[in-house]
**Student:** 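Provided herewith is a single structure, encoded as structure tokens, for subsequent inquiry.
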Amino acid sequence: DSHKHKDKHKDREHSHKEHKRDKERENSKNGNRQQDKHFRFSPCNLSGLSYTRMCCFSSLSIKVEEDNGYHLPIKHEKPLKRERDEDDRYEHKPKKLKVDNEKKVKKRKQEDSDYEEREVCISLFLLKCLLLHFKESQKRAAGEVEMVRWEEEKYTDGSKWRFLEHKGPVFPPPYEPLPDRIRFYYDGKAMKLSPAAEEVATFYAKMLDHEYTTKDIFRKNFFKDWRKEMTPEEKSKITELKKCDFTEMHEYFKAQSEARKQMTKEEKQKIKEENERILQEYGYCVMDNHRERIGNFRIEPPGLFRGRGDHPKMGKLKRRIRPEDIIINCSKDSAHPQAPPGSRWKELRHDNKVTWLVSWTENIQGSIKYIMLNPSSRIKGEKDWQKYETARRLKKSVEHIRAQYREDWRSKEMRIRQRAVALYFIDKLALRAGNEKDEGETADTVGCCSLRVEHIRLHPQMDGQDYVVELDFPGKDSIRYYNKVSVEKRVFKNLQLFLENKQAKDDLFDRLNTSILNKHLQELMDGLTAKVFRTYNASITLQQQLKELTSPDDNIPEKILSYNRANRAVAVLCNHQRAPPKTFEKSMHNLQTKIDEKKKQLSAAKKELKAAKADAKMLRDEKSKKAVEMKKKAVQRISEQLMKLEVQATDREENKQIALGTSKLNYLDPRISVAWCKKWAVPIEKIYNKTQREKFAWAIDMTDEDFEF
DNA sequence: TTGCTGACTTAGGACCCGAGGC
DNA sequence: GCCTCGGGTCCTAAGTCAGCAA
């Protein structure tokens with residue numbers, strides 16, 4: 001562990017040096033192509049004109065496969081039709097957008113009234129698309145590739161769509177009572193439960209193998225909620241959980257899942273087809289004339305709440321969601337989804353200021369759950385792009401911001417010093433912001449602003465380093481963050497001061513919260529919030545590590561190993577951990593055995609080659625020459641296989657406790673990876689699987705090998 | 001300023017299924 | 001053809017952050 005964290009620290013220190021270098025490099029290249037590109041691609045385009053390249057085709061045929069929905073400037077793009085909007089796009093100010101919009105409302109009244117017209121006149125709108133489509137096809141046919149822009153399609157009023165149509169959610173199947181032969185025992189005696197009580201009992205029975213059922217809070221919460229579902233008779237009889245025997249139920253479900261596995265190919269195929277049918281019917285929606293994949297179109301089935309860490313509500317009953325709990329969001333002029341027969345929706349809403357299609361309130365925390373679009377959708381992709389553009393803007397001002405917070409360490413105001421030290425942690429250690437949480441309602445986890453005295457230890461000297469801060473706290477999902485980091489003297493002195501006269505449970509930064517911090521960050525840079533630092537530091541680390549680790553002479557597997565190592569450096573930075581796979585030791589052992597065997601094979605093959613060479617030297621005939629060639633090839637093949645296995649082993653070992661997926665999916669600007677792949681001729685499929693390629697279609701589409709984050 | 005809520009992103013674990021080895 | 005393993009996908013919890021009301 002300590003080794004890991006030392007490395008982690010090293011990585012961080014390194015990347016900071018690299019930041020400077022990057023900055024210098026960037027300065028020296030002032031005005032280069034990248035910058036132009038950056039401007040052109042800046043997310044102002046996102047809500048503006050430039051991405052409106054002709055998705056109106058797909059809008060007509062509704063074929064997302066042919067048009068990924070990203071309206072990216074392409075190389076052969078001709079000058080924009082609406083030059084006057086170009087200027088607007090040079091400065092990206094997402095957060096001011098709303099304010100700006102308000103100010104611009106009057107100015108744009110004329111344009112807005114156009115919108116309104118269009119809104120009420122969808123058919124005209126489609127007609128126009130049709131016309132554009134037609135024109136475009138004509139041009140294409142004539143070999144003229146010109147960008148046709150869908151000028152109308154820009155949402156500067158904060159709306160997210162004009163048209164939204166979907167089929168509503170898919171509900172889980174109703175509860176199927178257990179067959180009579182499957183019995184529940186209380187205090188050793190068989191007892192038939194009412195359907196409601198039985199259903200809840202099955203939730204518990206299904207989890208009998210899980211560690212959850214050994215936890216007191218889980219058992220207590222479950223039992224309390226279960227009793228609420230019981231009939232008065234059941235309630236009076238069943239008073240102690242430990243007298244409940246669910247084993248028959250448990251065995252029944254195990255047998256069922258076993259039976260599912262044993263199904264014939266045909267049966268499995270049938271289920272697959274049915275799932276596909278449901279996906280086609282409910283898994284897509286039409287948003288602004290694109291057919292888009294929906295992320296989660298199934299309503300969460302009832303069950304027992306599985307909170308993470310020491311969650312005070314674990315084991316509580318997550319109740320079944322009924323149509324009457326559901327709010328449907330779609331456009332007025334769409335075919336509204338129908339509630340299941342005999343039921344009705346809670347509400348039918350037409351709010352185009354939000355992106356969700358369906359929502360309901362869950363009963364554990366009382367929070368709202370949503371059905372939204374898949375990451376491959378235009379709306380999510382553009383947001384993602386915008387996120388990375390904000391992080392790239394931070395790259396430009398980060399040195400200034402760092403200088404500022406270093407200055408603030410000396411402020412005479414405590415709140416400023418706290419803010420500055422917290423920001424230093426967020427920047428240097430990629431900590432999360434750390435919002436306040438409801439005590440007793442959620443697991444006790446913290447982030448930067450909510451760190452407490454008990455989470456930090458100061459060591460003026462440790463392991464040969466000065467001013468070491470030891471951080472140890474439960475972070476998001478109760479994942480432990482443990483790190484020892486040497487900080488600057490002034491930070492250290494400040495921390496000593498913050499700790500003075502405080503108890504273990506007191507806040508380290510008692511004059512700070514995320515709201516204060518983010519307000520400050522907003523003043524430093526438009527759109528800047530605490531989490532942008534995580535995105536920025538993750539992406540810049542990837543870029544820098546790739547530069548450092550990639551050797552031009554490496555073959556593809558070695559390059560991929562380098563990529564994974566760079567990815568890993570980021571995962572370590574962001575503390576993305578995973579439980580080591582249960583079969584890790586075993587599979588590692590198996591792999592080692594394979595490697596040993598391969599080595600034996602190799603030496604055998606080499607011997608054979610040697611012998612064949614000797615033969616060839618003696619016999620000097622075609623046959624033995626051929627034999628040498630064959631043996632040579634065999635040696636080559638086997639050593640390649642061996643190398644591959646060894647790389648695999650290294651990769652797997654290094655990956656034992658680290659999850660690469662999270663950073664890849666959420667923190668690393670995909671354009672860095674795409675550019676790297678292009679530069680080193682690594683097929684993008686080796687880095688991104690199909691889903692990831694769909695999510696990052698925008699980046700794959702727009703990125704050249706010389707892209708710089 | 002504070003508390004609360006809604007919308008959206010980020011997160012790890014469970015589960016499924018197919019590739020590849022035997 | 002069977003089995004194992006791991007990647008891919010699904011699931012949904014747990015964060016962040018802005019906006020609003022008191």
Side-chain angles (χ1 to χ4, degrees), chain A residues 94-95 98 158 160 172 207 209-212 257 260-261 268 271-272 275 279 295-301 303 305-309 311 313-314 318 327 329 351 353-356 359 361-362 364-375 379-380 383-384 387 432-438 441-443 445-450 474-479 513-519 521-522 527-532 534-535 538 571 574-579 581-584 586-588 590-591 594 597 648 652 655 657-667 688-692:
Chain A
K95 271 204 76 184
K98 226 175 170 177
K160 308 286 169 64
M207 291 179 74
D209 281 339
H210 205 288
E211 203 198 331
Y212 273 121
S257 86
R260 261 197 306 277
K261 279 179 203 154
K268 283 184 181 170
I271 293 174
K272 217 175 155 185
N275 281 334
L279 175 70
N296 54 327
F297 55 90
R298 290 173 196 275
I299 297 290
E300 294 172 16
F305 177 72
R306 296 155 98 116
R308 311 207 179 119
H311 201 296
K313 296 196 175 176
M314 64 167 74
K318 237 177 83 156
I327 302 174
N329 194 33
D351 181 359
K353 298 279 190 287
V354 297
T355 65
W356 53 266
S359 77
T361 304
E362 55 92 41
I364 304 289
Q365 318 276 4
S367 65
I368 307 170
K369 300 249 177 168
Y370 303 94
I371 290 181
M372 291 184 185
L373 295 192
N374 187 276
I379 208 158
K380 294 282 184 194
K383 201 76 190 296
D384 210 32
K387 173 181 80 187
R432 295 188 185 83
N435 283 312
E436 283 129 292
K437 298 176 72 184
D438 292 346
E441 300 283 303
T442 54
T445 63
V446 297
C448 185
C449 295
S450 49
K476 181 177 180 180
D477 292 318
S478 295
I479 298 288
N513 60 39
T514 53
S515 168
I516 297 173
L517 181 67
N518 280 333
K519 264 178 202 141
L521 292 175
Q522 184 57 231
L528 187 60
T529 62
K531 85 188 184 88
V532 179
R534 244 167 110 80
T535 311
C574 294
N575 202 38
H576 291 143
Q577 296 188 28
R578 64 165 185 173
K582 280 175 196 128
T583 53
F584 184 84
K586 199 181 145 208
S587 78
M588 210 57 205
N590 288 349
L591 191 59
K594 269 191 205 167
E597 273 167 21
Q648 203 185 340
R652 203 185 291 175
N655 243 9
Q657 301 199 67
I658 299 170
L660 299 186
T662 307
S663 49
K664 202 180 211 179
L665 237 43
N666 299 301
Y667 288 104
Y688 291 138
N689 65 34
K690 187 168 159 280
T691 316
Q692 292 163 342

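In the text below, chain A, chain B and the rest are named by the order of the sequence lines, each starting its count at 1. FYI, side chains are in, hydrogens and waters are out, and symmetry mates aren't considered; it's all heavy atoms of this structure.
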**Student:** Measure the distance from CD1 on A:Ile371 to C1' on B:dT9 and round it to the nearest whole Å.
**Tutor:**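 Nearest whole value for this atom pair: 17 Å.
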**Student:** State whether A:Asn435 places a side-chain N or O below 4.0 Å from either non-bridging phosphate oxygen (OP1 or OP2) of C:dT16.
**Tutor:**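 Checking A:Asn435 against C:dT16: at least one side-chain N or O falls below 4.0 Å of OP1 or OP2.
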**Student:** For the residue pair A:Arg534 / A:Tyr667, report whether a side-chain donor-acceptor contact shorter than 3.5 Å exists.
**Tutor:**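 A:Arg534 and A:Tyr667 do have a side-chain donor-acceptor pair below 3.5 Å.
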**Student:** Of the nucleotides B:dA11, C:dT12, B:dA7, which has the atom closest to the A:Trp356 side chain?
**Tutor:**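 The nucleotide sitting nearest to the side chain is B:dA7.
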**Student:** Is A:Arg260 touching bases, backbone alone, or none of the nucleic acid, heavy atoms closer than 4.0 Å?
**Tutor:**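 No contact.
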**Student:** So A:Thr445, base contact, sugar-phosphate only, or nothing? Heavy-atom distance under 4.0 Å.
**Tutor:**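 The residue A:Thr445 makes sugar-phosphate contact but no base contact.
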**Student:** Considering only side-chain heavy atoms of A:Ala659, which listed nucleotide, C:dG8, B:dG12, B:dT10, is closest?
**Tutor:**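 So the nucleotide nearest the side chain must be B:dG12.
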**Student:** A:Gly447 near the nucleic acid: base, sugar-phosphate alone, or nothing, with a heavy-atom cut-off under 4.0 Å?
**Tutor:**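 Result for A:Gly447 = nothing.
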**Student:** Can a side chain N or O of A:Lys690 be found less than 4.0 Å away from OP1 or OP2 on C:dG7?
**Tutor:**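 For C:dG7, OP1/OP2 do not have a side-chain N/O of A:Lys690 under 4.0 Å.
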**Student:** Look for any protein N or O under 3.5 Å of an N or O in nucleotides 17-22 of chain B and output each such pair with its distance, or none.
**Tutor:**
{"from": "B:dG18", "atom 1": "OP1", "to": "A:Lys272", "atom 2": "NZ", "distance (Å)": "3.2"}

**Student:** Using a heavy-atom cut-off of 4.0 Å across all strands, would you classify A:Tyr370 as base, sugar-phosphate, or nothing?
**Tutor:**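 Here A:Tyr370 touches the bases of the nucleic acid.
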**Student:** Search all heavy atoms of A:Lys313 against all heavy atoms of A:Ile364 and return the closest pair with its distance.
**Tutor:**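 What the structure gives for the nearest pair is NZ-O, 3.0 Å.
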**Student:** Heavy atoms from C-beta onward define the side chain here; which of C:dT12, C:dG8, B:dA14 lies closest to that of A:His210?
**Tutor:**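 Among C:dT12, C:dG8, B:dA14, the one nearest the side chain of A:His210 is B:dA14.
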**Student:** Using a 4.0 Å heavy-atom cut-off across all strands, classify A:Lys261 as base, sugar-phosphate, or nothing.
**Tutor:**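 Result for A:Lys261 = nothing.
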**Student:** Starting at atom CG of A:Leu660, determine the distance to atom P of B:dG12, rounded to an integer number of angstrom.
**Tutor:**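 Atom-to-atom, A:Leu660 to B:dG12, this comes out as 11 Å.
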**Student:** Could you check which of B:dT10, C:dA13, B:dC8 has an atom nearest any side-chain atom of A:Lys383?
**Tutor:**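 The nucleotide sitting nearest to the side chain is B:dC8.
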**Student:** Could you please name the option among C:dC11, C:dA18, B:dA14 that lies closest to any side-chain atom of A:Gln522?
**Tutor:**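 So the side chain of A:Gln522 is nearest to C:dA18.
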**Student:** Search all heavy atoms of A:Leu521 against all heavy atoms of A:Thr529 and return the closest pair with its distance.
**Tutor:**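 Taking A:Leu521 first and A:Thr529 second, the nearest heavy atoms are CD1-C, 3.5 Å.
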**Student:** Taking 4.0 Å as the cut-off, does a side-chain nitrogen or oxygen of A:Ser367 come that near to OP1 or OP2 on B:dG6?
**Tutor:**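 No, no such contact exists.
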**Student:** Using a 4.0 Å heavy-atom cut-off, does A:Pro474 contact any base of the nucleic acid, only the sugar-phosphate backbone, or nothing at all?
**Tutor:**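 If one applies the 4.0 Å heavy-atom cut-off, A:Pro474 turns out to touch nothing in the nucleic acid.
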**Student:** How many Å lie between NE2 on A:His311 and P on B:dG13, as a whole number?
**Tutor:**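 Between P of B:dG13 and NE2 of A:His311: 16 Å.
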**Student:** Which part of the nucleic acid does A:Arg308 contact within heavy-atom distance under 4.0 Å: base, sugar-phosphate only, or nothing?
**Tutor:**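 Here A:Arg308 touches the bases of the nucleic acid.
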**Student:** Over all strands shown, is A:Lys318 touching base, sugar-phosphate only, or nothing at heavy-atom distances under 4.0 angstrom?
**Tutor:**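 It contacts sugar-phosphate atoms only.
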**Student:** May I ask you to say what A:Thr355 touches in the nucleic acid, namely base, sugar-phosphate or nothing, with a heavy-atom cut-off under 4.0 Å?
**Tutor:**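 It contacts sugar-phosphate atoms only.
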**Student:** Examine C:dA13: is either OP1 or OP2 under 4.0 Å from a nitrogen or oxygen in the side chain of A:Lys369? Give yes or no.
**Tutor:**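 For A:Lys369, the contact criterion (side-chain N or O under 4.0 Å from OP1 or OP2 of C:dA13) is met.
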**Student:** From C-beta outward on A:Lys476, which listed nucleotide comes closest to its side chain: B:dA11, B:dC8, B:dG13?
**Tutor:**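 Looking only at heavy atoms from C-beta outward on A:Lys476, the closest nucleotide is B:dA11.
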**Student:** Which atom names give the shortest non-hydrogen contact between A:Met372 and A:Thr355, and what distance separates them?
**Tutor:**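 The answer is SD-OG1, 4.1 Å.
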**Student:** Which part of the nucleic acid, if any, lies within reach of A:Asp477 when heavy atoms closer than 4.0 Å are counted: base, sugar-phosphate only, or nothing?
**Tutor:**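 Sugar-phosphate: the residue A:Asp477, judged by heavy atoms under 4.0 Å, touches backbone atoms but no base.
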**Student:** For a quick check of understanding: with a heavy-atom distance under 4.0 Å over all strands, which category does A:Lys437 fall into, base, sugar-phosphate or nothing?
**Tutor:**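 Contact class for A:Lys437: sugar-phosphate only.
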**Student:** When all nucleic acid strands are considered with a 4.0 Å heavy-atom cut-off, which category describes A:Ala530: base, sugar-phosphate, or nothing?
**Tutor:**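 Contact class for A:Ala530: sugar-phosphate only.
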**Student:** How would you label the contact of A:Lys531 with the nucleic acid (heavy atoms, under 4.0 Å): base, sugar-phosphate, or nothing?
**Tutor:**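 Sugar-phosphate contact only.
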**Student:** Would you say a side-chain N or O of A:Thr529 is under 4.0 Å from OP1 or OP2 of C:dC17?
**Tutor:**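 Indeed, a polar side-chain atom of A:Thr529 lies that close.
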**Student:** Over how many whole Å does the gap from A:Leu528 atom CG to C:dT16 atom C1' extend?
**Tutor:**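 So the CG-C1' distance, A:Leu528 to C:dT16, works out to 14 Å.
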**Student:** Name the residue closer to the 5' end of DNA chain B, choosing between A:Ile368 and A:Arg534 according to the nucleotide with the nearest heavy atom.
**Tutor:**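 Its nearest nucleotide lies further toward 5', so the answer is A:Ile368.
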**Student:** State, with a plain yes or no, whether a side-chain heavy atom of A:Asn329 is found less than 4.5 Å away from one of A:Ile327.
**Tutor:**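 Heavy-atom side-chain distance check fails, nothing below 4.5 Å.
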**Student:** Of all residues at least two apart in sequence or in a different chain, which pass the ring-ring contact (aromatic ring centres under 6.0 Å, His included) check with A:Phe297?
**Tutor:**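 Here no residue qualifies.
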**Student:** Over all heavy atoms of both residues, which pair between A:Arg260 and A:Lys268 is shortest? Give the atoms and the distance, please.
**Tutor:**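 Looking at all heavy atoms of both residues, the shortest contact is O-CE, 3.9 Å.
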**Student:** Rounding to a whole Å, what distance do you find between A:Glu362:CD and B:dT5:P?
**Tutor:**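 Rounded to the whole Å, the gap is 13 Å.
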**Student:** Check this one for me: any side-chain N or O of A:Asn689 less than 4.0 Å away from OP1 or OP2 of C:dG8?
**Tutor:**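 Yes, A:Asn689 has a side-chain N/O under 4.0 Å of OP1/OP2 on C:dG8.
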**Student:** A side-chain contact here means heavy atoms from C-beta on lying under 4.5 Å apart; do A:Leu517 and A:Cys449 qualify?
**Tutor:**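 Heavy-atom side-chain distance check passes, below 4.5 Å.
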**Student:** Take the protein atom NZ of A:Lys160 and the nucleotide atom P of B:dA7, then report the distance between them rounded to whole Å.
**Tutor:**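 Computing the A:Lys160:NZ to B:dA7:P distance gives 10 Å.
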**Student:** Would a 4.5 Å heavy-atom cut-off, applied to side chains only, mark A:Asn275 and A:Leu279 as touching?
**Tutor:**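 SC-SC contact between A:Asn275 and A:Leu279 ruled out.
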**Student:** Assign A:Gly661 to base, sugar-phosphate, or nothing according to its heavy-atom contacts below 4.0 angstrom with the strands shown.
**Tutor:**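 Result for A:Gly661 = nothing.
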**Student:** Write down the atom of A:Met314, the atom of A:Gly307, and the distance for their closest heavy-atom approach.
**Tutor:**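 In terms of heavy atoms, the two residues are closest at CB-N, 4.2 Å.
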**Student:** Over how many whole Å does the gap from A:Met314 atom CE to B:dG13 atom C1' extend?
**Tutor:**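 My rounded result for the distance is 14 Å.
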**Student:** How do A:Gln365 and A:Asn374 order along DNA chain C: which one's closest nucleotide is nearer the 5' end?
**Tutor:**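 Counting from the 5' end, the first nearest nucleotide belongs to A:Asn374.
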**Student:** With under 30° as parallel and over 60° as perpendicular, where do the rings of A:Tyr370 and A:Trp356 fit, or are they tilted in between?
**Tutor:**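 Answer is tilted, since the angle falls between 30° and 60°.
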**Student:** Would you mind telling me which residue lines up with the more 5' stretch of DNA chain C, A:Cys448 or A:Pro301, judged by nearest nucleotide?
**Tutor:**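 The residue closer to the strand's 5' end, by nearest nucleotide, is A:Pro301.
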**Student:** Starting at CD1 of A:Ile299 and ending at C1' of C:dC11, how long is that distance when rounded to a whole Å?
**Tutor:**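 For the pair A:Ile299 CD1 and C:dC11 C1', the rounded distance is 13 Å.
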**Student:** On DNA chain B, nearest-nucleotide positions of A:Arg432 versus A:Met372: which is more 5'?
**Tutor:**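 Mapping each residue to its closest nucleotide by heavy atoms, the 5'-most match is A:Met372.
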